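Here the structure comes first, spelled out in structure tokens, and everything after it is commentary.
For reference, positions follow the sequence shown, starting with 1. Predicted model only: the values in this text are computed from it and were never measured.
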Amino acid sequence: MTSPHGPAPAPDDSPLPARPRLIATDLDGTLLHDDKYVSDRTIAALAAAEQAGIEVFFVTGRPARWMDVVSEHVHGHGMAICANGAAVVDLHAGGKLLQVRPLERDTALAVVQALRDAAPGTTFAVELTTGIHYEPAYPPFHQDPGATIAAAEKLLQVQVQVQVQVQGQVLGQAQDQDQEAEDESAAPVVKLLAHHPDLTPDGFLTVARTAVGDRATITRSSPSALLEVSGPGVSKASTLALCCAQRGISSDEVVAFGDMPNDLEMLTWAGTSYAMANAHPDVLAAASGRTVTNNEDGVAIVIEQLVARRRADGH
């Protein structure tokens, strides 16, 4: 494949797989530039990969509702693994949830208590399939102005019984409103977020993993002390492995890209993996290869080389 940008520089220390069948790429800090957009070069590379018969999965910590940044650039199946493996969505169907691997609310409550004890000053947000809600002192999400603000213990309560107004013609409207409230209170939790104002990001991660143990999966992708908590065993890697198994794709046939600790399991599971030059040191150490930064289209450069080799081999 000839790139309109000229010959693609070879990524450092980057063995190319002979017959890749699936590309799994993180978004923020990896596929996206720092301005949160997909470059024209990357859009073209993604299209070329699928035209060459290589599936592309977006695998991200983002919730499904924040996938509009790439939803216009999907081809073929349009699949995405969101919330660090807690949700599988179909971007062709407007982000329709195909699978949810939730964090049980009683487990989330136990995590909240453990982190309050181990790291006083921690504040929380609760990411549901229906949206995000957070505590008063939690850094606000300006993208979600309709969020409920309350203590995490309150946000994680399940509404057992709903009072329904039954007077005259108001009945139907009241039932609809109450049903919406009931659905919201019982919606699956896809991720618990924990923020600390003083601890270092990696220091907070160490404290949290020690305090919580194997009750939940804890990782991070933010440059701040913001942790992401999923159900036990739920990660980008484990959900990607399930999706690949459904398609008869082995780990050796997967090429993965990432930059932060929440990508580590995926990068070590995939047969071939690339850390971005801007990646966390642990990611640089774990990946089998390295490419240039996200702002330099490091993912696109590798994809161009994969497609060129596939075409040279007659595939």
Side-chain angles (χ1 to χ4, degrees), residues 1-52 54-62 69-70 72-75 80-81 201-202 219-223 236-237 240 252-312:
M1 178 179 178
T2 301
S3 168
H5 303 270
D12 298 331
D13 186 23
S14 53
L16 293 172
R19 294 289 301 276
R21 293 181 58 193
L22 188 142
I23 291 167
T25 178
D26 173 52
L27 295 182
D28 297 283
T30 300
L31 189 77
L32 305 180
H33 283 201
D34 288 346
D35 60 9
K36 304 304 180 184
Y37 286 96
V38 186
S39 72
D40 290 341
R41 183 176 190 176
T42 297
I43 292 170
L46 294 174
E50 296 225 17
Q51 289 169 4
I54 305 172
E55 291 189 80
V56 177
F57 268 43
F58 299 125
V59 188
T60 178
R62 288 181 173 227
V69 68
V70 292
E72 296 180 359
H73 310 308
V74 296
H75 310 273
I81 295 172
D202 286 332
T219 188
R220 75 174 190 88
S221 60
S222 172
K236 289 184 176 185
L240 178 61
D252 290 341
E253 298 171 305
V254 176
V255 182
F257 299 87
D259 73 308
M260 289 297 282
N262 65 329
D263 298 314
L264 279 169
E265 293 89 348
M266 177 176 74
L267 296 177
T268 55
W269 176 82
T272 304
S273 59
Y274 291 87
M276 312 306 292
N278 52 283
H280 186 282
D282 291 349
V283 175
L284 291 169
S288 59
R290 187 179 301 186
T291 186
V292 296
T293 69
N294 60 316
N295 288 328
E296 298 173 286
D297 295 323
V299 174
I301 288 172
V302 176
I303 293 176
E304 290 167 358
Q305 294 176 343
L306 292 174
V307 172
R309 173 176 288 188
R310 196 175 184 91
R311 289 179 176 174

Legend entry - Under 3.5 Å donor-acceptor, Thr293 side chain and Ala277 backbone: no
Legend entry - Nearest heavy-atom neighbours spanning Asn278 and Gly29: ND2-O, 3.0 Å
Legend entry - Pairing residues for Asp202 by the side-chain hydrogen bond (donor to acceptor under 3.5 Å, both in side chains) criterion, not counting sequence neighbours: Arg220, His280
Legend entry - Those residues that, when tested against Ser222, pass side-chain contact (heavy atoms from CB on, under 4.5 Å) (two or more places apart): Ser224, Leu226
Legend entry - Heavy-atom closest contact (Ala279 atom, Gly258 atom, distance): CB-O, 4.3 Å
Inset, instruction - Would you indicate whether the side-chain heavy atoms of Phe57 and Val254 approach each other to under 4.5 Å? - result: no
Inset, instruction - Kindly give the heavy-atom pair with the smallest separation between Met266 and Leu240, and that separation in Å. - result: CG-CD2, 3.8 Å
Legend entry - Min side-chain heavy-atom separation Leu27-Arg62 under 4.5 Å: yes
Legend entry - By side-chain contact (heavy atoms from CB on, under 4.5 Å) - contacts of Ala286 (at least two apart): Leu264, Thr268
Legend entry - Whether Asp282 side chain and Pro261 backbone form a donor-acceptor pair below 3.5 Å: no
Inset, instruction - Supply the atom-to-atom distance Arg41 CZ to Ile43 CD1, rounded to the nearest 0.5 angstrom. - result: 13.0 Å
Legend entry - Partner residues of Thr219 under the side-chain hydrogen bond (donor to acceptor under 3.5 Å, both in side chains) criterion, sequence neighbours left out: none
Inset, instruction - Would you please name every residue forming a side-chain contact (heavy atoms from CB on, under 4.5 Å) with Arg21, sequence neighbours left out? - result: Ile249, Glu253
Legend entry - Leu31 side chain near Leu46 side chain, heavy-atom distance below 4.5 Å: yes
Inset, instruction - Keeping the roles fixed (side chain from Asn294, backbone from Leu32), state whether a donor-acceptor pair exists under 3.5 Å. - result: yes
Legend entry - side-chain hydrogen bond (donor to acceptor under 3.5 Å, both in side chains) partners of Thr25, counting only residues at least two apart: none
Inset, instruction - Answer yes or no: is there a side-chain heavy-atom contact under 4.5 Å between Met260 and Thr30? - result: no
Legend entry - Within-4.5 Å side-chain heavy-atom neighbours: Phe257 and Ile23: yes
Legend entry - Heavy-atom pair with the smallest gap, counting every atom of Asp28 and Asp259: O-OD1, 3.2 Å
Inset, instruction - Give the minimum heavy-atom separation between Ala49 and Ile303, together with the two atoms involved. - result: CB-CG2, 3.9 Å
Legend entry - Non-hydrogen atoms of Pro20 and Arg310 that approach each other most closely: O-NH1, 3.0 Å
Legend entry - Contact check, side chains of Val255 and Leu306, non-hydrogen atoms, under 4.5 Å: yes
Legend entry - Contact check, side chains of Asp26 and Met276, non-hydrogen atoms, under 4.5 Å: no
Legend entry - Value rounded to 0.5 Å, distance of CG in Asp252 from CZ in Arg19: 13.5 Å
Inset, instruction - Answer yes or no: is there a donor N or O on one side and an acceptor on the other, between the side chain of Asn295 and the main chain of Asp34, under 3.5 Å? - result: yes
